[in-house]
2 protein chains.
Amino acid sequence: MTKISDVAEKTGYSITTISRAINDHPYVSDKTKKKIFDAMKELDYYPNNVAQQLRGKGTKLIGVIISFVTNPFFTYLVDAIEKAAYQVGYQIVILQTLEEPEREKRFIEMLKKRQLDGLIMTSLDDDSPEVLKLIEAGKIVVCNRYLGEQNIPLIHVDEKKATYEATYYLLSKGHRKIGYVTGNRGSMLAVDPRFKGYVQALKEFGIEPNSDCVFPRRLTISDGKSTLTDVLALGEERPDALLVISDEVASGILSQCHLLNIEVPETLAIIGFDDQPIAEALYPGLTTVKQPIKEMGEYVAALIIANIEHRKQPEMPELNTKLIIRGTA
Amino acid sequence: MTKISDVAEKTGYSITTISRAINDHPYVSDKTKKKIFDAMKELDYYPNNVAQQLRGKGTKLIGVIISFVTNPFFTYLVDAIEKAAYQVGYQIVILQTLEEPEREKRFIEMLKKRQLDGLIMTSLDDDSPEVLKLIEAGKIVVCNRYLGEQNIPLIHVDEKKATYEATYYLLSKGHRKIGYVTGNRGSMLAVDPRFKGYVQALKEFGIEPNSDCVFPRRLTISDGKSTLTDVLALGEERPDALLVISDEVASGILSQCHLLNIEVPETLAIIGFDDQPIAEALYPGLTTVKQPIKEMGEYVAALIIANIEHRKQPEMPELNTKLIIRGTA
DNA sequence: CTGAAAGCGCTTACAG
DNA sequence: CTGAAAGCGCTTACAG
């Protein structure tokens, strides 16, 4: 690999001058610069970024910790982060936890070892003092969801409001038995803002939430299919509407409705969450809660980069969800 | 930030010994090691990876160039690559071109500047001599698709066979007017192996391909919806089956069929491509060509890492597609 | 088993 | 405007 001394040798200038030309230092004449650039081109020389990093420039790499790359929600978030970061010279390292704590640990180590300039975490398992310190130092930004106790800053949308509005919509359409389908464990419900929004709307209509109508741990399309079976097993008591915290699970339910000739939305209304592309492709189109993923991604990228470069933090935009009404409710 | 000299100072050992303890060198006694590790823990010390890199260890970073992160096909490929790479200590930098050549250029520069140990490219725009040199050197591995002229090694499935089989299936079901829906530009058809497989099957049944039934540049769900309109506009001549080189586009077509009460597969049969999760969620389930994405990702990861570490290349597995028959054909 | 010193490839304060 | 030299934080050949 060619290095800076090769360029110095070839041009007759000192290493110092080559470095100054590369870094566009004013004290190098244009003629000198041109000669140097020509030589660099000829030698196919590129500065070794690792050496530059050791001299204080960062890695220009931001890690983004997500649970699964194959989850479209994260994919759209990463897309927004990547575009914003690219503009200012940063790239994204994709870090999926697969919900394994050792993976999260290793990713945080990457930050400590300075492989990464900063870290965006969409989930947080390890809230040890060291991690908290990194959050305080601005090296880690937590975004989207965190169901823990600690009082840490979190960039997120108002999820409670989102489900409140969706549930309210169903209620206003006359539904009274509304089920709740979530990917979370049942034990998490107590601290889940989405569940709280659902409960609040029900209570405003004088309805006590029925735990038989809550379906936890539903994550995939085929979970959705089996959820319909569970719903039907409730007989007379079964819900006439479902708030489903995942478009994918909702799509599984809808598909099964077709198979069993259950009319949507007449017999069963369905609202999804996220407004993934699939929502538009289904028939009937899936009514769903659109998250401001793009805005959130852009903001969180701007925030971590401001932290890395010790600049003043940008102002948080309003992160509003929106109920997109299509055919299923 | 704590550095190795801080650990040396605290323990009273030399920097050399600390380094040796970190790198598990045999000439350090276990008692010494323990003392050193305790001090490291106490100081929350992590070796600066950048300095280590400069001493010859790579960045342990592999770039993966894809067109769009939001495309599920790439998402599944990245997932497979990530998992295989993680096992052996590498991480993935996600590099989306958005089909802009400057982006591709910048990503290749990252490799030249040694920000990346290797590069997996799922598309290749710039086949300049320098890039070819990097491919020959094993620093770049090209995977999936390349519609260029150059004779470069490419890891890929037998796409011609895949579309041949899908088309053959439609023909054997009695369809004779089979349309072809692709994301490529029409001008690319001549070098597109997928199109060749389609044409070959038709010819075996004595059918001349009809250019009216070829729909290029269809990339999105809403492209799919408008494609049905284009199909219907053909009147008597319209196809009774469609081979669609994208599950997403196929889902758009199917959704529009529901809207216009066109029976699938009776009036119009549809075959997609990729077997994305959406295929299973649609009604009827989408018959589609499943690609061996996992196998391809694992192999390409193993290959680039073998190159990086100057080890012998693993053997290429068979990369077979499979027609998944569901309800649309 | 241990340490002083050279060196990885750059940047930059200092001196000219 | 230019260059010799120090130094970023490590690893390792060399000497003991």
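Letters go in sequence order (proteins before strands), and every chain restarts at 1.
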- More 5' along DNA chain C: B:Arg114 or B:Ser29, using each one's nearest nucleotide? B:Ser29

- So does A:Asp30 pair up with A:Lys34, basic N to acidic O under 4.0 Å? no

- Between D:dC10, D:dC8, C:dC10, spot the one nearest the side chain of A:Ile4, thanks. C:dC10

- Note on the structure: Here the distance between atom P of C:dG9 and atom NZ of A:Lys57, to the nearest Å, is 17 Å

- Figure out the NE2/P separation between A:His25 and C:dA13, and round it to whole Å. 9 Å

- Query: Between C:dC8 atom P and A:Gln53 atom CD, what is the distance in whole Å?
  - Reply: 18 Å

- Message: Heavy atoms only, 4.0 Å cut-off, all strands: where does A:Thr17 land among base, sugar-phosphate and nothing?
- Response: sugar-phosphate

- Query: Within this structure, what is the OH-to-C1' distance between B:Tyr46 and D:dC10, rounded to whole angstrom?
  - Reply: 18 Å

- Report, as yes or no, whether the 6.0 Å neighbourhood of atom NZ on B:Lys33 holds more than 12 heavy atoms from other residues, nucleotides or ligands. yes

- Task: Measure from CZ on A:Arg55 to C1' on D:dA6 and round the result to the nearest Å.
- Result: 9 Å

- Message: Check this for me: does any side-chain nitrogen of one of B:Lys10 and B:Asp6 sit under 4.0 Å from a carboxylate oxygen of the other?
- Response: no

- Message: Counting only Watson-Crick pairs (N1-N3 plus N6-O4 or O6-N4) and G-U wobbles (N1-O2, O6-N3), all under 3.5 Å, who is the partner of C:dG16?
- Response: D:dC1

- Per A:Lys3 side chain, nearest of listed nucleotides C:dC10, C:dT11, D:dC10: C:dC10

- Nearest-Å distance, OH (B:Tyr13) to P (D:dC10)? 19 Å

- Looking at every strand, decide which applies to B:Ile15 at a 4.0 Å heavy-atom threshold: base, sugar-phosphate, or nothing. base

- Message: Using whole Å, what does the distance between atom P of nucleotide C:dC8 and atom CG of B:Asn48 come to?
- Response: 18 Å

- Worked verdict on B:Arg145 versus B:Asp192 for salt bridge (charged side-chain N to carboxylate O under 4.0 Å, His left out): CA-CA 10 Å; B:Arg145 312 211 73 200; B:Asp192 179 358; 3.2 Å; yes

- Message: Does C:dT11 have OP1 or OP2 under 4.0 Å away from a side-chain N or O of A:Ser19?
- Response: yes

- Item | Ring-face cation of A:Arg106 near B:Tyr86 (centre distance under 6.0 Å, axis angle within 45°) | yes

- Does A:Tyr45 put a side-chain nitrogen or oxygen below 4.0 Å from OP1 or OP2 of C:dC10? yes

- Query: What's the CG-P distance between A:Asn49 and C:dT11, to the nearest Å?
  - Reply: 10 Å

- Message: Tell me whether the side-chain N or O atoms of A:Thr16 pair up with the base of D:dA4 as donor and acceptor below 3.5 Å, since no angle test is needed here.
- Response: yes

- Counting heavy atoms not belonging to B:Glu9, are there more than 12 under 6.0 Å from its CD? no

- Of the candidate nucleotides D:dT12, C:dC10, C:dT2, which contains the atom at the shortest distance from the side chain of B:Thr32? C:dT2

- Task: Would you indicate which nucleotide in D:dT11, C:dC1, D:dA4 comes nearest to any side-chain atom of B:Gln52?
- Result: D:dT11

- C1' spacing across the pair C:dT12 / C:dG16, given as an integer number of angstrom: 16 Å

- Item | Side-chain donor/acceptor of A:Arg20 to base of D:dG3, under 3.5 Å | yes

